[in-house]
Amino acid sequence: MQIGISDQSSLMYALQKLEFLFRFEQPKIKLKINSNTYKDATSVPNNVIKKENITTPSDTNANKTSIFQHSKHNNESNTDTSTKQNDEEKLIVAAQNDVKAGLVPRAARLEFSNTDPYELVAIPKRDAVSGKFGKGDFNFLKLKKDHSSRPLWICPGSAHIILEAFSPIADQAIDFLIAISEPVSRPLNVHEYKLTPYSLYAAVSVGLETKDILDVLNRLSKVPIPDDVVAAINQCTVSYGKVKQVLKHNRYFVESTHPDILQRLLKDPIISGCRIVDSSSDTNKSQGKNGLLTFSAPKPDELSIAGKQVNQMNVDISVDISNQNDESSNKLENQFNVDLQQQVNDDNIDDPEEDDVYAFEVAPNQVETVKKRCNELDYPMLEEYDFRNDTINPNLNMDLKPITTIRPYQEKSLSKMFGNGRARSGIIVLPCGAGKTLVGITAACTIKKSILCLCTSAVSVYQWKQQFLQWTTIKEHQIAVFTSDQKEKFSGDAGIVISTFSMVANTRKRSYEAQKMMDFLHQREWGLLLLDEVHVVPANMFRRVVTTIAAHTKLGLTATLVREDDKIDDLNFLIGPKLYEANWIDLAIKGHIATVQCAEVWCDMTPEFYREYLKEQNRKRLLLYVMNPRKFQICQYLIWYHQNRGDKIIVFVDNVYALKAYAQKLKLPYIYGGTSQQERLRILHQFQHNPMLNTIFLSKVGDTSIDLPEATCLIQVSSHYGSRRQEAQRLGRILRAKRRQDIGFNAYFYSLVSKDTMEMFYSTKRQQFLVDQGYSFKVITQLEAMEDFEELVFKDKQSQIDLLHTVLLANESDSRLENEDTNADENSTTTGEQSGQKARAKKHASTIQSLSGADNMAYMEYNNGISSRSKLTGIDVRKGRGPILPTGKGTSNSEERHPLFKKHFNK
DNA sequence: GAGAGCGTAA
DNA sequence: TAGACTACGCTCTC
């Protein structure tokens, strides 16, 4: 295999793509990069290379130059006249010729033919990430003597941690790393994690102390922990997680084991202004030193989580190793296991400081103010709810049914939540189909107070209700549903209300019933606020729910803790730290969710379509690449192929026009936003129970608000830009499928991409989340058997051209239709209501734009072509997003931050 | 039960 | 850096 590379961004891309290949095929090949040869390509960890800043593990001493140094070197001195250089230059020239020949879009992807899948050709892209490479050469870090038995590399400067996931003690290390750091990428053999202020905040919040983190990290690391990383850990853990907001006997306390920190906070005028100086005295507490209240600390293992088999409540950085078979590694594992566990136990039991906690009381109506101020002072408050001592709020008589048991990872995530006998607020991340709902329900059954549960759609509201009834002993009258068409209240003192975000967050005028219901929600104190699909909470409207609802604990659940904007970090302070995150592949391997075979199918554009594509503007382009007859055929073929295998198939087409066209052409039912509720249910029922109907077409409705039956195959024809979340959510639709475990892979995920179009750019971006979770996408460029398939649609040229005309006409008739609408609107709307006028004006404007003829201007076309081309070629030129400052944090504070993190913050 | 209005995703 | 765009959801009103 040869890779021709002229600049570093190509190199990075090539290596990323290579890694997909390796995971899929595990070829025994030689990977030759510049002058360094790695003996076995599979041993070159993707992440190590990708992140440019450490040397390859295998040859730290043998080879003094890292590949990145080398590539930087090449970049700087083109006068180097070694033969290797010449070879490379030849490749560059060849690549440049390709660019001249107009093959640039193709160059956006690495290509490999069917005959030789390992021949890769990378073609130069613009020099967008120059300077990123070659900065880090960590040869100076001394390897520990016994480094081979330790699984971690820690990079100075970026605080990235590389884990050898094939190490015998990887499982323990993973548990620990998940607790202290943010997973960046977790493919099969090498994982990459990143320490961030938030991740350390989360670590502290589940009970780890600075000492634990540094000790364990040091024990697992092949190199000594770099000084700047130590400093950063110290700095973050020194203030984070030390202060807690506790609601006790319906009084709010700011609590800490460190009295000096409370004193420091009280020096702040805002906080001290919110303080209630103790009036009554109580047997339960005493006026301790410094005028602070003193309580005895909660004992860690008094509480058992509902549904849990064994009562083991330690902060869980050790895992059960009983099912490991490898004899030789067992001893080592045990040693680490004991050490890790010991580490944490020591702190929980022997530290005398832990026996007492100090607190001061704040006025209930000032809690938000104090919380905000604490964030600003860099002492974010954790929220904890001592629910067992809450005598004011009535208990809810509810339990898990005896037959309900929870899985180990669910238990683990809950043990983070209830680790110290109280309920902590935070976020639990589990893949779709892994039982998020049950985690939420178990948490509810543990707290046993009134529960408010919020979902994104009315459909999932009813699902939650049904799940509550299924898993717990709760009575029907104790659950109330609050949606636009059903406004119930529960009877009795305590109960469950399930509603939607938009229902509760609504700021517009409410109907009388809805207002009464909202009053009901506001008056109450909720033991637990369950937030399903918590990644939507940072949205402007939705984020208000967390402050308007008086809840003692907030538990956020999601499968995809990503957003394409930068608001995801806000969750740390809106809800709480991320308590647990499961790895998708890991759960698949353990059999909890389905194993999925992912493939990206490249569909050639027919010449006619491509010609039009190059001419058209954005909107029509989309339609052209979606309606590409080749794609049509491939879709048809895949459906046919999988139907014959007995699969249930869901086809996603985002564009409604295309959705209808596809479904009607292939004579299959489809559901989109306009489909009535009854029709939806009818189609879904048929799909589920009728063996003759094995395929349905869905638009974006399928992403969130449909209770989809089990499917085993998923074909994505078109999608919304580069949404990682959408891709992941769609994949999640087939993770429940487990009944075909006898076959090697039991679920299939195809993404159809029209070659050489914008779609390829988006597709790569979309896959990123899943790739980070360890999924690999196989690229299929040809379906050989397809040509023999007789019923193939659009087989002859004429029908393809007809289709093209229909598509082009569809566009025009669409805009004509819009125009007519506008006219009709103008004629009919005679009463001059203000809002109506506004709306009309807006609509009018858009119509003018699309009819103005700008679409057809030659120069526009040309410009557009250029810009989209550079988009295509410049994969990953966007700068990465670093963590964002917590809300309300002043710039002065960020300057005090450790430089290692400041760098990220200032991005 | 349709449609206006607004919000969300990106 | 904001913006381009489309589809869809929910709620309310009539």
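Each chain gets a letter, A, B and so on, in the order its sequence line appears, and its residues count up from 1. Note that these values count all heavy atoms, side chains included, but never hydrogens, waters or copies made by symmetry.
One atom, CE of Met518(A), and another, P of dC12(C), lie 11 Å apart when rounded to the nearest Å. At whole-Å resolution of the value, OH in Tyr512(A) and P in dT11(C) are 20 Å apart. In this entry the distance linking OH of Tyr762(A) with C1' of dT6(C) reads 12 Å, nearest Å. If you measure from atom CD of Gln677(A) to atom P of dA2(B), you get 13 Å, rounded to the nearest angstrom. Atoms NE2 (His535(A)) and P (dT8(B)) sit 13 Å apart, rounded to a whole Å. One atom, CG of Asp703(A), and another, C1' of dA9(B), lie 10 Å apart when rounded to the nearest Å. dT8(B) atom P lies 16 Å from atom CE of Met503(A), rounded to whole Å. Whole-Å rounding puts the Leu622(A) CG to dA7(C) P distance at 9 Å.
Listed candidates were dT8(B), dG9(C), dT6(C). Nearest to the side chain of Ser457(A) is dG9(C). In the set dT11(C), dG9(C), dA9(B), dG9(C) carries the atom at the smallest distance from any side-chain atom of Val701(A). When the nucleotides dT8(B), dA9(B), dC8(C) are ranked by their closest atom to the side chain of Arg563(A), dA9(B) comes out on top. When distances are taken from the side chain of Glu564(A) to each of dC12(C), dC8(C), dA10(B), the shortest belongs to dA10(B). When distances are taken from the side chain of Val656(A) to each of dA9(B), dC10(C), dC8(C), the shortest belongs to dC8(C). You'll find that the side chain of Ser484(A) is closest to dT11(C), out of dC12(C), dA9(B), dT11(C). Candidate nucleotides dT11(C), dA9(B), dC8(C) were compared by shortest atom distance to the side chain of Arg725(A), and dA9(B) ranks first. In the set dT11(C), dC12(C), dG7(B), dC12(C) carries the atom at the smallest distance from any side-chain atom of Ala514(A).
Counting any heavy atom pair closer than 4.0 Å across all strands shown, Phe501(A) reaches no nucleic acid atom. Residue Gly722(A) is in sugar-phosphate contact alone, with no base atom involved, counting any heavy-atom pair closer than 4.0 Å across all strands shown.
Phosphate contact (OP1/OP2 of dG9(C), side-chain N/O of Arg680(A), threshold under 4.0 Å): present. The shortest distance between the side-chain N/O atoms of Ser699(A) and the OP1/OP2 oxygens of dC8(C) is below 4.0 Å. Contact annotation: Thr500(A) side-chain N/O to dT11(C) OP1/OP2 distance is under 4.0 Å. Here Ser723(A) reaches the OP1 or OP2 of dA10(B): one of its side-chain N or O atoms lies under 4.0 Å away.
Residues Phe520(A) and Phe490(A) bring their aromatic ring centres within 6.0 Å.
In terms of position on DNA chain C, the residue among Gly673(A) and Phe482(A) whose nearest nucleotide sits closer to the 5' end is Gly673(A). Sequence order on DNA chain B of the closest nucleotides to Gln678(A) and Met541(A) puts Gln678(A) first from the 5' end.
Side chain of Lys554(A) to backbone of Leu531(A): no donor-acceptor contact under 3.5 angstrom is found. Side-chain atoms of Ser754(A) never come within 3.5 Å of backbone atoms of Thr757(A) as a donor-acceptor pair (strictly under, hydrogens ignored).
Figure legend: Lys648(A) and Phe687(A) shown as a cation-pi pair, the cationic atom lying under 6.0 angstrom from the six-membered ring centre and within 45 degrees of its axis.
Ion pairing between a basic and an acidic side chain is recognised when a charged N comes within 4.0 Å of a carboxylate O; Glu612(A) and Arg621(A) show no such pairing.
Going from atom OG1 of Thr558(A) over to atom CZ of Arg725(A) covers 8.0 Å, rounded to the nearest 0.5 Å.
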